[in-house]
Chemist: 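My structure is below; once you've seen it, I'll send some questions.
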There are 2 protein chains.
Amino acid sequence: MVLYNVRANLNETFAALADPTRRAILARLACGEAAVMELAKPFRISQPAVSKHLKVLERAGLIVRSRKAQSRPCRLRAGPLKEVADWAERYRRYWEQGFERLDAYLGKLQRLEKAHARKSTK
Amino acid sequence: MVLYNVRANLNETFAALADPTRRAILARLACGEAAVMELAKPFRISQPAVSKHLKVLERAGLIVRSRKAQSRPCRLRAGPLKEVADWAERYRRYWEQGFERLDAYLGKLQRLEKAHARKSTK
DNA sequence: GCGTTATATAACCGAATGGTTCTATACAAC
DNA sequence: GTTGTATAGAACCATTCGGTTATATAACGC
């Protein structure tokens with residue numbers, strides 16, 4: 001059933017996404033299949049550099065490549081991105097509750113303890 | 001208003017998240033503030049190694065540190081994780097529609113164009 | 001077969017990464 | 001003030017990363 005994404009893991013996925021060139025390539029591929037030369041065009045880096053980036057993306061399961069004459073067109077494979085989204089989603093309540101949450105919580109706890117101490121020693 | 005996350009960028013965030021030790025640290029911090037020694041306990045790496053990981057997380061805006069006696073407790077700061085979630089979310093339709101989508105779409109487009117061509121030349 | 005086009009591979013380089021050990025700093029407790 | 005504890009920093013090391021140039025492979029057009 002799950003043919004893609006079998007060997008994907010968060011380490012490789014996050015590492016692949018940490019490079020802006022690779023994220024740009026993914027963004028381009030979101031518009032549809034593209035060959036290496038076409039993907040390389042927007043960047044000022046050499047073709048072999050682009051090939052390396054593509055290999056990283058491929059190993060991370062983020063793209064797949066087929067054959068079409070001399071060209072090796074790439075397609076986006078978004079499976080690992082779902083894993084990323086799911087992973088991040090587990091922290092949603094932390095960004096939704098704001099960054100002062102723990103402070104507030106701990107502060108409240110402290111005040112409660114003080115109040116309790118005052119009561120106890122009274 | 002947005003005090004955290006000012007200098008955060010996806011490069012640093014993704015790079016920080018690419019290490020399993022650092023993700024484990026974040027998971028631990030989701031349960032609340034913790035000191036370095038406590039964070040180090042589950043891992044077989046040295047204390048300075050943990051300090052280095054914490055510095056990476058701090059530079060990525062994923063944690064903040066305060067002072068409490070000798071200890072430097074860490075707190076989770078989930079802002080950058082929201083950015084990650086938002087970024088990945090833009091690709092949702094790609095993982096939802098399955099990996100054959102583009103093929104199907106392009107094939108359909110091609111058929112439509114052919115049909116149009118036939119009509120035009122008629 | 002021959003040249004052209006598209007891509008991959010190899011060899012190399014400098015910088016960054018993730019780990020180590022050893023040492024320094026800061027604070028607490030005595 | 002000395003000792004102990006928590007943490008950071010410096011120096012080092014091997015590996016990885018992102019780039020380069022030069023070369024190899026593969027398929028097409030003639």
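Order of the sequence lines fixes the chain letters, A, B, ..., with proteins taken first and strands second; residue numbering starts at 1 for each chain.
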Chemist: Are OP1 or OP2 of D:dT7 and a side-chain N or O of B:Ser51 less than 4.0 angstrom apart?
Modeler: no
Chemist: Please confirm whether any donor atom in the side chain of A:Gln47 sits under 3.5 Å from an acceptor in the base of C:dA6, or the reverse.
Modeler: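 Under the 3.5 Å cut-off, the side chain and the base do not form any donor-acceptor pair.
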Chemist: Determine the minimum heavy-atom distance between B:Gly79 and A:Trp95, stating which atoms define it.
Modeler: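 Minimum heavy-atom contact is N-CB, 4.4 Å.
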Chemist: To the nearest 0.5 Å, tell me how far B:Leu76 CG sits from B:Arg28 CZ.
Modeler: 11.0 Å
Chemist: Kindly point out which of C:dG18, C:dA8, D:dG9 is positioned nearest to the side chain of B:Pro48?
Modeler: D:dG9
Chemist: Grab the CG-P distance between A:Asp19 and D:dT16 for me, whole Å please.
Modeler: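 The distance from CG of A:Asp19 to P of D:dT16 comes to 18 Å, rounded to the nearest Å.
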Chemist: Send over the distance from A:Arg65 CZ to D:dA26 P, rounded to a whole Å.
Modeler: 15 Å
Chemist: Would you call the rings of B:Phe14 and A:Phe14 parallel, tilted or perpendicular, where under 30° means parallel and over 60° means perpendicular?
Modeler: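 B:Phe14 vs A:Phe14 ring planes: tilted.
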Chemist: So which one's nearest nucleotide on DNA chain D is more toward 5', B:Glu38 or A:Arg44?
Modeler: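 That would be B:Glu38.
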Chemist: Distance check needed: C:dA24 P versus B:Arg72 CZ, whole Å only.
Modeler: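 Those two atoms, CZ and P, are 20 Å apart.
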Chemist: Considering heavy-atom distances to DNA chain D, does A:Ile45 or A:Gln70 have its closest nucleotide positioned more toward the 5' end?
Modeler: A:Ile45
Chemist: For D:dC17, does either OP1 or OP2 sit under 4.0 Å from a side-chain N or O belonging to A:His53?
Modeler: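 Answer is no, no contact under 4.0 Å.
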Chemist: Quick check for you: to the nearest 0.5 Å, what is the distance between A:Leu39 atom CG and A:Glu33 atom CD?
Modeler: 10.0 Å
Chemist: Just to be sure I understand the rule, does B:Ala49 reach a base, reach only the sugar-phosphate, or reach nothing, if contact means heavy atoms closer than 4.0 Å?
Modeler: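 Contact class for B:Ala49: base.
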Chemist: Can you measure A:Leu54 atom CG to D:dG19 atom C1' for me and round it to whole angstrom units?
Modeler: 15 Å
Chemist: Would one find a side-chain N or O of B:Arg22 under 4.0 angstrom from OP1 or OP2 of C:dG18?
Modeler: yes
Chemist: With a 4.0 Å limit, can you tell me whether B:Ser46 has a side-chain N or O closer than that to the phosphate oxygens OP1/OP2 of C:dG19?
Modeler: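 The answer is no; no side-chain N or O of B:Ser46 sits under 4.0 Å from OP1 or OP2.
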Chemist: To the closest 0.5 Å, what do you measure between CD (A:Glu38) and CG (A:Leu29)?
Modeler: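 Taking CD in A:Glu38 and CG in A:Leu29, the distance rounds to 9.0 Å.
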Chemist: Between D:dG18 atom C1' and A:Arg59 atom CZ, what is the distance in whole Å?
Modeler: 16 Å
Chemist: Answer yes or no: does a side-chain N or O of B:Lys55 lie under 4.0 Å from OP1 or OP2 of D:dG9?
Modeler: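 Yes, such a contact exists.
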Chemist: For A:Met37 and D:dA27, give me the distance from atom CE to atom P, rounded to whole Å.
Modeler: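 So the two atoms are 18 Å apart, to the nearest Å.
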Chemist: Would you say A:Arg67 reaches D:dA26's phosphate, i.e. side-chain N/O to OP1/OP2 under 4.0 Å?
Modeler: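 Result: no.
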Chemist: When the distance from CD of A:Glu12 to C1' of D:dT16 is rounded to whole Å, what number comes out?
Modeler: 13 Å
Chemist: What's the closest nucleotide to the A:Lys52 side chain, out of D:dT7, C:dA11, C:dG19?
Modeler: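 For the A:Lys52 side chain, the nearest candidate turns out to be C:dA11.
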Chemist: Base, sugar-phosphate or nothing for A:Ala15? Non-hydrogen atoms, less than 4.0 Å.
Modeler: nothing
